[in-house]
Amino acid sequence: MTTFFAGFFLSLSLILAIGSQNAFVLKQGIKKQHVLLICTICAISDAILISLGVAGFGAIVNEYPFIETYARYGGALFLIVYSALSFKSAFSQRHVLTPEAKVQHSVLKTIAICLAFTWLNPHVYLDTMVLLGSISTQYEGKQIEFTLGAISASFTFFFSLGYGARFLAPLFQQPKSWQVLEFIVGLTMLIIAFTLIFS
């Protein structure tokens, strides 16, 4: 169960970072347009990428064990950099959610936009296939639990964001709310990075 929650909270901390995909899901949730479809596409896409990352890195490490060490410290370094960017954003940026005009897009157009935000974003590959895939090697024999935890975080986050957006809308029109969120994300990533280094 500890492994499950390790995957869950690491995945959740990565997803929480402000990005175009999350903004899109949040705005569609506020507008109440194709919310179920969008959340499902985002969560299943994450599940596919996470599974590929864990499976791929497991096979590579079995063949070349020294890669595990590089992946471990590389993942920690990536988290530290990501953390620094979150802290920088928290103290220097002023994010404000300004939902677009309520224009009802067709289902096909909505799917295309959602897929573009998900699969054309280079960060999604770093987060899922590289970072989560490399960190999963720390849980030898328990990669399935780690993977299920990470996938559960995606489903939990996207459906909570999509359907909870209507309640969050007034909150995230305030820059301070984004700053607090960025700070929490940065702190979480920093803690995980040091856990990797000193474990």
Colleague: Go through the steps for T110 and Q33 under the test side chain to side chain contact (heavy atoms under 4.5 Å, CB included), then give the verdict.
Modeller: CA-CA 9 Å; T110 300; Q33 294 180 5; over 6 Å; no
Colleague: Taking atom types as modelled, is there a side-chain donor on T118 or Q21 under 3.5 Å from an acceptor on the other?
Modeller: yes
Colleague: Answer yes or no: are there more than 12 heavy-atom neighbours, outside I144 itself, under 6.0 Å from its atom CD1?
Modeller: no
Colleague: Can you find a pair of side-chain heavy atoms, one from F24 and one from C114, that are under 4.5 Å apart?
Modeller: yes
Colleague: Output yes when a side-chain donor or acceptor of S83 lies under 3.5 Å from a complementary backbone atom of G186, and no otherwise.
Modeller: yes
Colleague: Can you list the steps and then say if L10 with L132 is a side chain to side chain contact (heavy atoms under 4.5 Å, CB included)?
Modeller: CA-CA 8 Å; L10 177 58; L132 286 172; 3.5 Å; yes
Colleague: Working to the nearest 0.5 angstrom, can you tell me the gap between T3 OG1 and E145 CD?
Modeller: 6.0 Å
Colleague: If I take atom CG from residue L14 and atom CZ from residue F9, how far apart are they, to the nearest 0.5 angstrom?
Modeller: 13.5 Å
Colleague: Would a hydrophobic clustering, with Ile, Leu, Val, Met, Phe, Trp and Tyr connected at side-chain separations under 4.5 Å, put I191 with L85?
Modeller: no
Colleague: Is there a continuous path of hydrophobic side-chain contacts, each under 4.5 Å between heavy atoms, that joins L77 to F198?
Modeller: no
Colleague: Test of understanding: clusters of I, L, V, M, F, W, Y form through side-chain heavy atoms closer than 4.5 Å, transitively. Do V81 and F183 belong to the same one?
Modeller: no
Colleague: Quick one: list whatever passes side-chain hydrogen bond (donor to acceptor under 3.5 Å, both in side chains) with S45, sequence neighbours left out.
Modeller: W119
Colleague: Could you tell me whether the side chain of Q143 and the main chain of G141 form a donor-acceptor pair under 3.5 Å?
Modeller: yes
Colleague: Quick one: list whatever passes side-chain hydrogen bond (donor to acceptor under 3.5 Å, both in side chains) with S154, sequence neighbours left out.
Modeller: D46
Colleague: Should L161 and L115 be counted in the same cluster of Ile, Leu, Val, Met, Phe, Trp and Tyr side chains packed under 4.5 Å apart?
Modeller: yes
Colleague: Measure the spacing between OG of S51 and CE of M129 and express it to the nearest 0.5 Å.
Modeller: 10.0 Å
Colleague: With sequence neighbours excluded, what pairs up with S152 under the side-chain hydrogen bond (donor to acceptor under 3.5 Å, both in side chains) test?
Modeller: none
Colleague: Distance check, rounded to the nearest 0.5 Å: I113 atom CD1 versus L108 atom CG?
Modeller: 11.0 Å
Colleague: Once rounded to the nearest 0.5 Å, what's the spacing between atom OG1 of T128 and atom CD1 of I50?
Modeller: 6.5 Å
Colleague: If I take atom CZ from residue F158 and atom CD1 from residue I44, how far apart are they, to the nearest 0.5 angstrom?
Modeller: 12.0 Å
Colleague: Which is it for L190 and F87 under the side chain to side chain contact (heavy atoms under 4.5 Å, CB included) test, yes or no, and what are the steps along the way?
Modeller: CA-CA 10 Å; L190 195 60; F87 285 133; 4.2 Å; yes
Colleague: Among V35, T40, V25, find the residue that satisfies the side-chain contact (heavy atoms from CB on, under 4.5 Å) test when tested with F159.
Modeller: T40
Colleague: When the ring centroid of F4 is compared with that of F146, is the distance short of 6.0 Å?
Modeller: no
Colleague: Check the orientation of F5 and F8. Use parallel for under 30°, tilted for 30 to 60°, and perpendicular for over 60°.
Modeller: perpendicular
Colleague: Starting from the C-alpha separation in whole Å, work towards a yes-or-no answer on side chain to side chain contact (heavy atoms under 4.5 Å, CB included) for L12 and T156.
Modeller: CA-CA 9 Å; L12 187 62; T156 299; 5.9 Å; no
Colleague: Would a hydrophobic clustering, with Ile, Leu, Val, Met, Phe, Trp and Tyr connected at side-chain separations under 4.5 Å, put F157 with I48?
Modeller: yes
Colleague: Looking only at heavy atoms, which two atoms of L26 and A165 are closest? And how far apart?
Modeller: O-CB, 3.4 Å
